Amino acid sequence: MRVLPRWLCVVALVCGVGSLPSCASSDGDAAWIEADVKADTERILWQVTVLALERNGYPIGSGVNPNELKAVSGWRTSLAPFKGDGFRDRAHVYWQRDAQDPKRWHAKVRVERQSNENLSKPLDISYAEWEDQPDDQERARLVLNTIKALLGGEFKLNGGPSRTQRTPGG
């Protein structure tokens, strides 16, 4: 498969040409983890989303937008002394309300990942050379399971059978 230079992809988008082969974008190879959940109100949904991101170590910033039903965390960075071992990742959470049940929501979660390919100073973030890596599906599943657990729903561990979380008194 032939990959076109980014500048040509931009020109194609501006000109409205959508059939050019393989203009790789960051969302093109996204690995989304999806599930349906129940939340009594939209406010509870967003409080749980922010709490789940924080519990999983993702900084909260301006990417959390309840009006657009999406949350994009800040970068969570982990530097390492060798090229390619350091990484950064950030979580994307998108919500869509069910048309028939206003308390039912469809969640899409993705954890975007990049590795630090700097050879000379891999522990100095000012020299970092970030390269895209495949999405971290396990981290995305962890974020989604945290949301589901906080809402008191069903969740899966390592792709295994569903387990129902019991709430106190229930």
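None of the values given here were measured: they were computed from a predicted structure.
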ask   = Does any non-hydrogen side-chain atom of His92 lie less than 4.5 Å from one of Tyr94?
value = yes
task = Give a yes or no on whether Phe87 and Val72 share a hydrophobic cluster (residues Ile, Leu, Val, Met, Phe, Trp, Tyr; joining criterion: side-chain heavy atoms under 4.5 Å apart).
result = no
message = With side chain to side chain contact (heavy atoms under 4.5 Å, CB included) as the criterion, how do Tyr58 and Val50 come out once you've worked through the C-alpha distance, each side chain's angles and the decisive distance to 0.1 Å?
response = CA-CA 9 Å; Tyr58 293 102; Val50 169; over 6 Å; no
request  = Please answer: with hydrophobic residues joined when any side-chain heavy atoms are less than 4.5 Å apart, are Trp32 and Leu142 in the same cluster?
outcome  = no
key: Side-chain heavy-atom pair Glu117, Lys83 within 4.5 angstrom cut-off   = yes
Review item, side-chain donor-acceptor pairs of residues 36-44, under 3.5 Å, at least two apart:
from, atom 1, to, atom 2, distance (Å)
Asp36, OD1, His106, ND1, 2.7
Thr41, OG1, Ile44, N, 3.1
Glu42, OE1, Arg97, NH2, 2.9

task = With sequence neighbours excluded, tell me which residues meet salt bridge (charged side-chain N to carboxylate O under 4.0 Å, His left out) with Glu68.
result = Lys70
ask   = Has the side chain of Arg139 got a donor or acceptor atom that lies under 3.5 Å from a matching backbone atom of Asn56?
value = yes
query = Rounded to the nearest 0.5 Å, how far apart are CG of Leu45 and CG of Leu151?
reply = 6.5 Å
inquiry  = Is a donor from one side chain sitting under 3.5 angstrom from an acceptor on the other, for Tyr127 and Asn116?
reply    = no
query = Hey, quick one: are Leu119 and Leu123 part of the same hydrophobic cluster, counting side-chain heavy atoms closer than 4.5 Å, chains of contacts allowed?
reply = no
task = Identify whether Val48 and Leu53 are in the same connected component of the hydrophobic contact network (ILVMFWY, side-chain heavy atoms under 4.5 Å).
result = yes
task = Can you spot which of Lys108, Gln137, Arg110 makes a side chain to side chain contact (heavy atoms under 4.5 Å, CB included) with Ile33?
result = Gln137
message = Once side-chain contact (heavy atoms from CB on, under 4.5 Å) is applied, do any residues pair with Thr77, and if so which ones, sequence neighbours excluded?
response = Trp75, Leu79, Arg88, Ile125, Trp130
